[in-house]
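All values below were derived from every heavy atom in this structure, side-chain atoms included, with hydrogens, water molecules and symmetry-related copies excluded. Treat the numbers as computed from the prediction; the structure is a model and nothing was measured.
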Amino acid sequence: LNRAYSTPTGRTVTAAVESVEDGRGDRWHVTAKMPDGTYQRLLVPEAAAKSLREETAMRIGVAHGLLGYDLFATFAPLKP
């Protein structure tokens, strides 16, 4: 519900792509090194994961969810 009724904030986060792993169905996992140095394993759509396979960095779009907290909504390669 939170993700379904979220609104984009226009904010983005840049993270380094560490690995892309196959998941179940169209849900894949991307391990990213965040700007603060922590690692996060993100659940991403298959199309986004395939576009990130050969990339070293990605841009993550932030959205504000219906329940009041922010979430990662979009995933795209960071093109120089």
Side-chain angles (χ1 to χ4, degrees):
L1 187 65
N2 190 52
R3 185 175 292 279
Y5 295 102
S6 63
T7 49
T9 61
R11 291 185 302 134
T12 60
V13 176
T14 303
V17 176
E18 295 294 321
S19 68
V20 178
E21 303 166 3
D22 295 350
R24 292 185 180 174
D26 67 339
R27 301 181 318 170
W28 289 40
H29 299 281
V30 174
T31 303
K33 184 174 182 182
M34 304 307 283
D36 63 358
T38 62
Y39 289 88
Q40 287 197 15
R41 188 173 185 220
L42 306 168
L43 187 63
V44 300
E46 181 178 7
K50 286 184 177 180
S51 70
L52 295 170
R53 271 194 189 270
E54 302 300 321
E55 300 296 326
T56 57
M58 68 177 171
R59 180 170 285 130
I60 305 170
V62 179
H64 189 72
L66 179 68
L67 300 177
Y69 56 90
D70 292 343
L71 53 103
F72 295 139
T74 59
F75 307 92
L78 181 66
K79 300 292 183 188

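- Tyr69 contributes atom OH, which lies 4.0 Å from atom CG of Asn2 (distance to the nearest 0.5 angstrom).
- Taking the salt bridge (Lys or Arg N to Asp or Glu O under 4.0 Å) definition, one finds that Glu21 meets it with Arg41, sequence neighbours left out.
- Within 6.0 Å of CZ in Arg27 there are 12 or fewer heavy atoms belonging to other residues, nucleotides or ligands.
- To the nearest 0.5 angstrom, Asp26 atom CG is 13.0 Å from Arg24 atom CZ.
- Every residue two or more places apart in sequence or in another chain that forms a side-chain contact (heavy atoms from CB on, under 4.5 Å) with Arg3 is listed here: Leu71.
- When hydrophobic side chains of Ile, Leu, Val, Met, Phe, Trp and Tyr are connected at separations under 4.5 Å, Leu43 ends up as a singleton with no cluster partners.
- The side-chain contact (heavy atoms from CB on, under 4.5 Å) search around Ala57 returns Leu78, not counting sequence neighbours.
- Within the structure, every pair that satisfies the side chain to side chain donor-acceptor pair (under 3.5 Å) test and touches residues 4-13, not counting sequence neighbours, is listed here: Arg11-Asp70.
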message: One pair to check against side-chain contact (heavy atoms from CB on, under 4.5 Å): Lys79 and Glu55. What are the steps and the verdict?
response: CA-CA 9 Å; Lys79 300 292 183 188; Glu55 300 296 326; 3.5 Å; yes
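- The hydrophobic cluster containing Leu52, built from Ile/Leu/Val/Met/Phe/Trp/Tyr side-chain heavy atoms closer than 4.5 Å, also comprises Val13, Val17, Val20, Trp28, Val30, Met34, Leu42, Val44, Met58, Ile60, Val62, Phe72, Phe75.
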